[in-house]
Amino acid sequence: MNKIQNNKAWFLVLPVFLLVAFSAIIPLMTVVNYSVQDIFDQNNAYFVGVEWYRDVLTDPRLQASLGRQFIYSATVLSIEVPLGIAVALMMPTKGWSASLCLILLALPLLIPWNVVGTIWQIFARSDIGLLGYVVNGIGIDYNYTSSPVDAWITVVLMDVWHWTSLIALLCYSGLRAIPDAYYQAAKIDRASDWSIFRFIQFPKLKGVLIIGVLLRFMDSFMIYTEPFVLTGGGPGNSTTFLSQTLTKMAIGQFDIGPAAAFSIVYFLIVLLVSWLFFTSITHLDKDKVKEQTYD
Amino acid sequence: MTNNKRFGITAYSVFVLLPIYWLINMSFKSNEEILGTFSLWPNDFTIANYLVIFTDPTWYNGYFNSVYYVVLNSIITLVVALPAAYAFSRYKFIGDKHLFFWLLSNRMAPPAVFLLPFFQLYSSVGLFDTHIAVALAHCLFSVPLAVWILEGFMSAVPREIDETAYIDGYSFPRFFIRIFLPLISSGIGVTVFFSFMFSWVELLLARTLTSVEAKPIAAIMTRTIGASGVDWGVLAAAGVLTIIPGVLVIYFVRNHVAKGFALGRV
Amino acid sequence: MAEIHLKGLAHSYIGNPQINSDYAIHEMNHVWQQGGAYALLGPSGCGKSTLLNLISGLIKPSHGSVLFDGVEVNDVSTQDRNIAQVFQFPVIYDSMTVYDNLAFPLRNMHVAKDKIDAKVREVANTLDLMSILNRKANNLSADQKQKISMGRGLVRDDVSAILFDEPLTVIDPNLKWKLRRQLKQIHERYNITMVYVTHDQLEASTFADKIALMYEGKIVQFGTPRELFENPNHTFVGYFIGSPGMNFIGLNKAIDNNTDEFTFDGMQFPLSSAQKKVLANSDSSNLKVGIRPEFIQLSNTDHPESLACNVIHTEDLGTYKIVSVQLGEQTLKVRLGEDQQSPSSKAHITFPQQWVKIYIDEYLVDLQGDSEHE
């Protein structure tokens, strides 16, 4: 659409701007403020420059947590994206079964995150949970509270259960947008199922997938509640990810300075990766715009 | 539908439903039965756990609190996002692209980063432990998403419709409410869905900003470790009850879900 | 190459069709000869896309059968019928180059590489695509994309028929003629049966040897463009073909059945005795005469057999004029050449008898022989 130049539009945007600014800029300024000061009490605060940042970036605890976080995000993404695409391809396209599938798929997305943690906490226990009981019953030693490997598997499994639906739903709507004629033409061209996926469906899914991967990366990188409820970060530190480390620092230990510095670093990492994705989305849009002018 | 597909989607559906079923199963058992025997369905079917929740104010208030701030959040989000989305859709203005990206970047902010500052901010303005505090805090994340979604739907409505309305003598508010909003009704449905979805499920901020008055159900559930260990039955029942609003919401907007996830951006 | 025979073919989208309106295609028998260029013309919703899909196999008929060279193909899939279909909007594989797009069907059939190359280049040449052969398909203009769609149908040797479903819809008007010409060239070169669905009569007339005009699920006339113009055998054909369409006047039999008079709005319509006889023999009350605007004569002076009328409006369209006249309660359109003078307010209108067509119950009564029912 051709937009009209009109700076009075700022009035329409003002409420949003004020609201978000209130919730974002002021706290952020506070955090930056804390990150460069050593605060003893109300009246004793010293400017310490980037000392906290140095501390934070060299803290082995944090580095370990960051490492775990990257591995976690990479793992869940590499499972959820292909699985989500596969589920979207398998879903029925019309009728009551389609509605039923949509409702089922959306269900995990609407459960409070702590309840997700609780569900899996129960489900994976060997004494009262179906999964734990059955797995131990067939002879595999499985205990997520004592074994780090089992804890990781359970946490990843929980995330896959929780969030694959997002990718699946995004891809489903992307697939619905493909006109029937493409499938008919492919049939006429005697294309195999794999060719249909490779040349028709996947190209059309690229847009939705970028959104999906971006959202999943961001959210998995910021994850807190579900693993916290399920394992509490343990056993030991094995499933303690970035958000939990930060929260412990900020609320638990009241190390405000380092916590603030860490917050800024955390935010910047997420921002950087997201910016990379954002520019590739707008790059896609630009290609689309070019196409319009030819048509 | 081929048999492979049917098998696949059924298997995945079972995967999704199994843990939920297990929770429901547990909610109808007494703690003795849970810890004593292992069974696929309740041997001694009991609704005692649910009764605890329905009769104990700390429990059911938790639900009311959660619903209250979620609804508040959805309303505030819609009210501020609609004009903003309209502006982004129809006009170019100084800093529009930067503003848009800045808004989206807030969605990318880790909630943990805001814990301490929010705590201090809302305390200092006397809003600690209120529903409005949680609703506003959630706005930080739901408003950018709402603006993004609504802008997509609004851009699909040609500007000629606006211009025709003005020629026909409509004032802007009247045009917006009587003509424009009905055209993007599915967009509004989707926005409400996403606002609800985010606000209902979020725990960290909701717990940090509340203590007694506005404590959400999620926070109450995370504190059910009593002297005799975890009250599994009641915990399970509480969990089941938190799933129900989600099911209702998704049932009502099921037709818009597929459209909405496309976000007009694909 | 194939001769396509539609035998007792009817189709309903509803499971248990009860009444006529449940049917998208009413029972028809029709033969498309091998190698012909045909147009399937009609207004929106008349069933032409349905018919096309029945022929191509994308829809299975609910009644009757489709035969290719005498063999029933109801249960044969589209690809096995060796049909190529071009859709309203270009259907191309965005991620491939133009070359790969054209080669795709042949690669799926595991044809030898050098044969693929030869065939792709041949088709690209015919369609004027050689210059963009190595470009990615998704950044091209609509007409180039549509040509690729057509090309994919042509690369296969075993194609028995190509079906086009309003293929020029997305093309810019100033490029349409070019593509139409190319389609004609393709037909002449490859001699494949082609069926072209459109709602535009100009496209149909320029492309097709014979036009099948459809209305409400039936083929109401099948003939050359000229036949449809001069002898429309259904009032709908008269109305649809021509610019503007045929004029129709409903006739009433005079109350006194002894005299052979046919009137409208109190005026008597001049008819030949043969025409009057046919009308008199009919029991129906739906009697119409039709005459094309091109054949009505207007003059300022009175003639025997002419009727007085009022000129309402004249549209000057450059090479011709359209004059609207009021005759009784009827509004008629007359088409005059640019050299002909248009009368100002009052005029006298004459209907040359050889161009007056008689329609009983909407169907033409041919006075030379039997009625032309389809």
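What you see is a predicted model, and the numbers here were worked out from it, not measured in a lab.
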Under 4.5 Å from a heavy atom of chain A, the part of [X] involved:
X      : answer
B:Y122 : side chain
B:L121 : side chain
B:V143 : side chain
B:F15  : both

Q: Can you tell me which residue pairs pass the side chain to side chain donor-acceptor pair (under 3.5 Å) test with a partner in residues 200-209 of chain B, sequence neighbours excluded?
A: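 For residues 200-209 of chain B, and leaving out neighbouring residues, the side chain to side chain donor-acceptor pair (under 3.5 Å) pairs sorted by first residue read B:H138-B:E202.
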Side chain, backbone, both or neither of [X] within contact of chain B (heavy atoms, under 4.5 Å):
X      : answer
A:T118 : side chain
A:A21  : both
A:C171 : neither
A:F11  : neither

Most chain B-contacting option - heavy-atom pairs closer than 4.5 Å, from [options]:
options                      : result
A:I128, A:T225, A:L18, A:V31 : A:I128
A:T30, A:I122, A:L28         : A:I122
A:D219, A:I223, A:I264       : A:D219
A:N114, A:V115, A:I4         : A:I4
A:P15, A:S263, A:S23, A:A124 : A:S23
A:H162, A:Q244, A:R125       : A:R125

Please check if any side-chain donor atom of [X] sits under 3.5 Å from a side-chain acceptor atom of [Y], or the reverse.
X      : Y      : result
B:E151 : B:S155 : yes
A:T240 : A:S65  : no
B:T242 : B:Y63  : no

Q) Just by distance, do the side chain of B:W148 and the backbone of B:A85 share a donor-acceptor pair under 3.5 Å? A)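 Checking the backbone N and O of B:A85 against the side chain of B:W148, no donor-acceptor pair under 3.5 Å is found.
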Please rank [options] by heavy-atom pairs under 4.5 Å with chain A and give me the top one.
options                       : result
B:L18, B:N25, B:V249, B:L136  : B:L18
B:Y21, B:F7, B:F141, B:W232   : B:W232
B:V147, B:D96, B:L103, B:I76  : B:L103
B:Y86, B:F114, B:F196, B:W102 : B:W102
B:I94, B:I243, B:L17          : B:I94
B:V240, B:N106, B:L204        : B:L204

Q: Given side chain to side chain donor-acceptor pair (under 3.5 Å), test B:T77 with B:S142 step by step and report yes or no.
A: CA-CA 7 Å; B:T77 301; B:S142 60; 3.0 Å; yes
Q. Are the ring centres of B:F198 and B:F194 closer than 6.0 Å?
A. no
Q.
Please report whether the ring centroid of B:F88 lies less than 6.0 Å from that of B:F93.
A. yes
(Q) Ring of B:W22, cation from B:K29 - is the NZ or CZ under 6.0 Å from the centre and inside 45° of the axis? (A)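 Ring-cation test returns yes.
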